[in-house]
**Student:** 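Before I ask anything, let me first share the structure, which is written out below as structure tokens.
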Amino acid sequence: MTAEEIFTKLQASFSGLRIAEAQVKEYPTWTVPAQSVRAVFEQLHSEFSFGYLDVVTATDWSGPVSPKGYPQSPAVAIGAAAAPPASARDVFEVVYIVTALSTGIKLCLRCEIPRKEGASVPSLYGIFMAADWQEREVYDMFGIHFEGHPNLKRILTPETQQGYPLRKDYEHIPDKFD
Amino acid sequence: MGIVLDNLSKIENLPGGGIALAASDSLINWARASSVWPLTFGLACCAIEMMAAYASRFDFERMGVFPRPTPRQADVMFVAGTVVKKMADPIIRIYKQMPEPKFVIAMGGCANCGGPFYDSYSVVKGVDKIIPVDVYLPGCPPRPEALMYAVIKLQEKMSKMTVKGGFGATPLQAAGSRKLV
Amino acid sequence: MTSETPTALKAGQMFINFGPQHPSTHGVLRIALTVEGEVVIKGDPDVGFLHRGMEKLFEARNYSQALVLTDRLDYTSAMHNNLAYCLAVERLAGIQAPLRAQYLRALTAELNRIASHLVFFGTFGVDMGAFTPFLYAFREREMILDLFEMLCGGRLLYSYVRIGGVSADLPAGWTEKCREFIKFFKPMLKDYDTLLSFNPIFKSRTEGVGIISADRAVSWGLSGPTLRASGVNYDVRKAEPYCVYDKLDFKAPIGKTGSCWDRYYCRMLEMGQSAEIALQCLDALSGQELTPGEIMAKGVPKIFKPPAGQAYAHVEASRGDLGFFAVSDGSMNPYRMHVRGPSFINVAILQEILAGCKIADVVAILGSLDIVLGEVDR
């Protein structure tokens with residue numbers, strides 16, 4: 001069964017599933033609406049034997065990174081002077097890459113959510129245990145909530161961290177070590 | 001005995017053996033410098049070069065450098081790697097647990113000044129922002145021979161210490177570590 | 001200090017901090033252990049003590065500067081990090097490195113795998129209380145580091161694999177030295193078996209300890225020797241060959257039970273396989289078909305601006321499946337560069353398998369997972 005056939009079968013149950021315009025190179029890429037994420041993955045896992053979750057990550061599409069996120073950096077001046085690219089939108093995009101070990105098919109699924117307070121996506125905890133820490137990392141870096149995750153706490157940054165570092169508009173507040 | 005003999009002020013030869021009188025400073029400093037026991041405190045990449053310094057080719061132990069896993073038994077702390085804000089409090093705590101006289105060698109670019117991560121939101125720009133440093137060793141990572149050179153520099157610093165007047169340490173060390181954050 | 005203060009400790013239970021400064025944690029990892037006597041009731045790994053914010057820094061550097069940062073991820077096997085990064089960026093830009101560069105990449109990656117597994121072998125022995133393997137391992141490792149220093153000037157962190165190819169060709173006399181090393185190294189593996197692998201004390205401390213079944217391993221997203229020791233046949237070099245791995249002849253060792261000993265022995269066997277691959281690469285590089293000096297793709301500009309797009313490339317690094325997810329908006333800096341660190345994902349399983357084992361077993365399990373904190377925390 002190829003990726004296209006899996007797509008046609010899944011689209012029958014989930015009409016919001018689309019083939020993405022901006023494909024990730026060499027990975028069949030689909031976009032999935034936020035509310036169907038968990039159901040789609042459940043079906044991929046049970047029916048099409050996609051048992052191995054490679055990556056859960058996110059991108060912030062709201063434009064070039066703010067130089068205020070870097071304490072005292074001369075390096076950022078180059079990037080910050082660039083004009084906002086045409087693709088700047090006020091969204092977060094959660095990216096999943098999943099593999100079927102038996103058949104070797106790999107897929108990339110992307111889910112766009114509006115970039116506002118309380119942005120959330122259903123969690124994949126329970127279907128794939130690999131989602132546990134990767135979702136915590138995405139929460140730590142972007143502030144995206146994963147509904148249904150039993151332990152959504154900061155994992156990499158200390159408890160004293162204010163703000164979500166990987167957001168493009170993150171402003172670093174100097175603390176006692178700066 | 002050659003090291004001690006160079007520093008002697010008086011030699012008295014008595015029948016049946018030789019007695020050497022040396023300034024107590026030189027004797028104590030010689031003992032300290034010959035058995036520098038570091039705390040195994042590798043944080044990041046520099047830790048691997050530090051381990052290589054202890055291993056077969058560079059063999060630190062012939063200089064008397066014998067790694068100790070607990071700060072209570074260590075003389076010097078090699079801060080080998082990036083100091084991250086989350087790790088800053090444990091570092092201060094461990095530094096306080098070391099008995100006096102204690103020294104710190106900041107190994108590598110990250111421990112000296114933040115290194116390649118100088119503009120990161122989560123990196124302390126140099127370990128000397130939180131603890132007093134005696135020897136700065138640049139490199140990314142510095143070679144094991146460079147680490148040995150840093151220990152030799154530390155030994156030279158130790159040889160200038162005096163028993164009276166605060167051990168020749170930095171003012172902060174002389175006051176003790178109660179003034180730390 | 002970050003708090004994992006237990007709220008409900010029963011009588012007879014104790015809360016111990018394993019780390020962050022500890023000789024056996026292989027870096028700055030903290031495991032919050034709740035123990036009852038010698039038995040661990042709950043073990044919670046706490047990471048982030050080496051979080052340097054690399055993904056944020058990638059957005060502030062241009063593509064060549066970011067390459068230098070990637071070395072510092074899994075610092076014991078820096079070639080793989082550079083390679084995965086360059087493959088992702090090359091995929092974005094549609095560049096293909098010349099064949100000679102690809103052989104050089106595979107050769108240095110395999111030598112680095114041997115060096116990294118030697119670090120694992122030495123430190124795992126020290127964790128189990130055996131100090132001698134550490135000295136043997138580092139003696140061999142110094143020979144490999146000498147080869148790398150001859151090649152590109154770096155002992156530990158290289159930035160050798162560049163976007164479009166590699167930075168330097170083999171100097172004169174390097175091939176002979178490398179063959180000499182591999183000839184010396186292969187019998188050493190049997191020595192290691194006698195010294196540590198089949199030592200009864202070592203076996204009783206590691207066999208039957210920390211068993212991870214195949215389906216739990218796949219669900220938790222493990223990769224590398226940790227996954228293959230549980231019996232799952234997944235090696236990125238075989239599943240999605242990159243560089244010239246489809247032309248090379250090697251096996252990925254598979255374990256049976258998923259115990260600490262299996263994970264350890266898979267790595268020992270992998271060292272032997274890497275030596276074979278290195279010999280095949282050396283033969284190919286000395287052959288007539290590969291023009292010496294052709295180490296960089298044509299037309300890679302100095303100011304590198306890949307077209308807007310997204311790409312993901314992963315390699316089989318020493319610790320597992322290392323991937324880079326790159327997003328470009330057409331400018332000089334990466335728009336988003338995410339690192340899929342195998343050690344980060346491997347460490348998560350400690351939450352599940354530490355319950356019920358003894359404190360000494362915690363050291364064995366952690367050592368057998370073979371993590372490097374630079375990759376866990378980035």
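Below, chain A is the first sequence line, B the second, and so on; all start at residue 1.
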**Student:** Output yes when R89(A) and D60(A) qualify as a salt bridge under the 4.0 Å nitrogen-oxygen rule, no when they do not.
**Tutor:**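 No.
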**Student:** I want to check a possible cation-pi pair here: K102(B) against Y95(B), using under 6.0 Å from ring centre and within 45° of the ring axis as the test.
**Tutor:**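 K102(B) over Y95(B) ring: yes.
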**Student:** Test your reading of the model: is there a side-chain donor-acceptor pair from T70(B) to the backbone of R72(B), 3.5 Å cut-off?
**Tutor:**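 Side chain of T70(B) to backbone of R72(B), a donor-acceptor pair under 3.5 Å: yes, one is there.
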**Student:** Looking only at heavy atoms, which of residues 22-31 of chain A get nearer than 4.5 Å to chain B?
**Tutor:**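 Near chain B, by residue number: none.
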**Student:** Can you tell which of H149(A), R136(A), E135(A), R38(A) makes a side-chain hydrogen bond (donor to acceptor under 3.5 Å, both in side chains) with S123(A)?
**Tutor:**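 Among the candidates, only E135(A) passes.
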**Student:** Let me know if L156(A) has heavy atoms under 4.5 Å from chain B in its side chain, its backbone, both or neither.
**Tutor:** backbone
**Student:** Can you tell me how the ring of F92(A) sits relative to the ring of F142(A), calling it parallel under 30°, perpendicular over 60° and tilted otherwise?
**Tutor:**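 Answer is perpendicular, since the angle exceeds 60°.
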**Student:** Please round to the nearest 0.5 Å and tell me the distance separating atom CD1 of I94(B) and atom CE of M77(B).
**Tutor:** 6.5 Å
**Student:** With a 4.5 angstrom heavy-atom cut-off, is it the side chain or the backbone of K85(B) that approaches chain A, or both, or neither?
**Tutor:**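 Both parts, backbone and side chain.
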**Student:** Where on S122(B) is there a heavy atom nearer than 4.5 Å to chain A: the side chain, the backbone, both, or neither?
**Tutor:**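 When you check distances to chain A, no heavy atom of S122(B) falls under 4.5 Å.
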**Student:** Under 30°, 30 to 60°, or over 60°: which ring-plane class applies to F60(B) and Y54(B), parallel, tilted or perpendicular?
**Tutor:** tilted
